[in-house]
Amino acid sequence: MDSPGTNAPPTDTPGTAPGLPAPGIGTPAELGDFLRTRRARLQPEDVGLVSYGARRRVPGLRREELAQLAGVSAAYYTRLEQGQSHNASEGVLEALARALRLTADERAYLLALARPGQRRRRPAVRHEKARPGVLQLLRALDGVPALVLGPRFEVLAWNRLGHALIAGHLDPASPDRPLDRPNTQRLLFLDPHTRELFPDRDTEIRRAVSALRVAAGERPDDPQLATLIGELTMKSEEFAALWSWHGVRNCAFGTKRFHHPLVGELELEFEMMQTPDGSGQRVQMFTAADGSPSEAALRLLAAEHGPHLRVLETERP
């Protein structure tokens, strides 16, 4: 889950140049870019084709080679990659997914991009709010850093230790204010404190952008999500380069290393649990191995921020 694997972009990342706005989420251009980047990462020998040593002008498979592997005509595949063919059949999409050796997350993303007619109506702009039961869960997680994330990675609530671990430099009540809520993606790319918080920054930013791609595939007509992506693309060259590579991975669990300004080095396991109400909200929790230095560091951090952890959310009357 933590390994960047084939989602890591090459040095000469194709696609949108850094500093330019990202294409609209779920547009034909976005589908074409995704297919091109997945095609570029495969070599003929990876899929059993013979290249005969001829010099190749472009990295990866040629269009006609991929079309041959997927059992479609080169002309049809070219139209699909150029955004000129809409509503490809499920059989064609599945064949392309197999030929491109897509992961389960990448396959789901391909299907979402290729089926614009099945999108939901553009959602109204609204401010998310964590359910009372989820907030109660945070209160019960004594000694466990935890936060509730909305579908756009905005922090809806956190307990005291979650705030201390992730963003102790911010106002602890900021999740209460919809227009001032922290966003973990924005913090990672634009906040100097968060930049110093993760020593494995390359791994962390690849994982973050891959997870944002999953969210974009699930919510292609979300204006707030599009605004976030546009902002990050304009303000962060790191983000723009990674976004253009179209890495897709649903990072629901794994390991994170922290260099915390108060307690030093920590290595924590995280779990991202989806709430069952279909809202797209998730509860993220961090734990340390029993008896480890990281467990001791978490206890020290809890002591520094008071003996009783509470949910920093004004849900009570």
Leu197, Leu301: one ILVMFWY side-chain cluster at the under-4.5 Å cut-off?
yes

With no hydrogens and no angle check, just 3.5 Å: does a side-chain donor-acceptor pair link Thr103 and Asp105?
no

Evaluate the side-chain proximity of Leu110 to Leu31: yes if any heavy-atom separation is below 4.5 Å, no if none is.
yes

Is a donor from one side chain sitting under 3.5 angstrom from an acceptor on the other, for Asp191 and Thr194?
yes

Could you label the plane-to-plane angle of the Tyr109 and Phe34 rings as parallel, tilted or perpendicular, counting under 30° as parallel and over 60° as perpendicular?
perpendicular

His260 side chain reached by Leu266 side chain, heavy atoms, under 4.5 Å:
yes

Check Arg195 with Glu238, please: is the shortest side-chain N to carboxylate O separation under 4.0 Å?
yes

Sequence neighbours excluded, which residues qualify as side-chain contact (heavy atoms from CB on, under 4.5 Å) partners of Glu267?
Thr255, Arg257, Ser294

Sequence neighbours excluded, every pair satisfying ring-ring contact (aromatic ring centres under 6.0 Å, His included) that has a member inside residues 194-223
Phe198-Phe258

With the side chain counted from C-beta on, respond yes when Val214 and Val248 share a heavy-atom pair under 4.5 Å apart, and no when they do not.
yes

Taking Arg213 for its side chain and Trp243 for its backbone only, find out whether a donor-acceptor pair lies under 3.5 Å.
yes

Within the side chain of Arg38, is there an N or O that forms a donor-acceptor pair under 3.5 Å with the backbone of Leu100?
no

From Asn250 atom CG to Glu218 atom CD, the distance as rounded to the nearest 0.5 Å:
7.0 Å

Are Ile205 and Leu225 co-members of a hydrophobic cluster defined by side-chain heavy atoms under 4.5 Å apart?
yes

Are Arg152 and Asp222 within salt-bridge range, i.e. N to O under 4.0 Å?
yes

For residues Leu149 and Gln281, determine if any side-chain heavy atom of one lies less than 4.5 Å from a side-chain heavy atom of the other.
no

Quick test of your reading of the model: are Asp176 and Arg181 salt-bridged, counting only N-O distances below 4.0 Å?
no

With a 3.5 Å cut-off and no angle check, do the side chains of His259 and Glu265 form a donor-acceptor pair?
yes

Counting C-beta onward and ignoring hydrogens, is there a side-chain heavy-atom pair between Met272 and Cys251 closer than 4.5 Å?
no

salt_bridge(Arg201, Glu204) N-O dist < 4.0 Å:
no

Would a 4.5 Å heavy-atom cut-off, applied to side chains only, mark Glu295 and Thr287 as touching?
no

Quick one: CG on Leu232 to CG on Leu242, what's the gap to the nearest 0.5 Å?
11.5 Å

Restricting to non-hydrogen atoms, name the atom on Pro151 and the atom on Ser279 that form the minimum distance, rounded to 0.1 Å.
CG-O, 3.9 Å

Can you confirm whether Leu141 sits close enough to Met285 that some side-chain heavy atom of one is under 4.5 Å from a side-chain heavy atom of the other?
yes

Output yes when Lys256 and Glu269 qualify as a salt bridge under the 4.0 Å nitrogen-oxygen rule, no when they do not.
no

Rounded distance [0.5 Å steps], CZ in Arg186 versus CD in Glu231
4.0 Å

Do Phe270 and Phe253 have ring centres separated by under 6.0 Å?
no

Do Leu165 and Leu268 have side chains that approach each other closer than 4.5 Å (heavy atoms only, starting at C-beta)?
yes

Rounded to the nearest 0.5 Å, how far does CD of Gln185 lie from CG of Leu190?
10.5 Å

Spacing of OG belonging to Ser244 relative to CZ belonging to Arg36, to within rounding of 0.5 Å:
11.5 Å

Residue list, side-chain contact (heavy atoms from CB on, under 4.5 Å) with Arg98, at least two apart or on another chain:
Glu94, Ala95

Co-membership, hydrophobic cluster, residues Phe153 and Leu187, 4.5 Å side-chain:
no

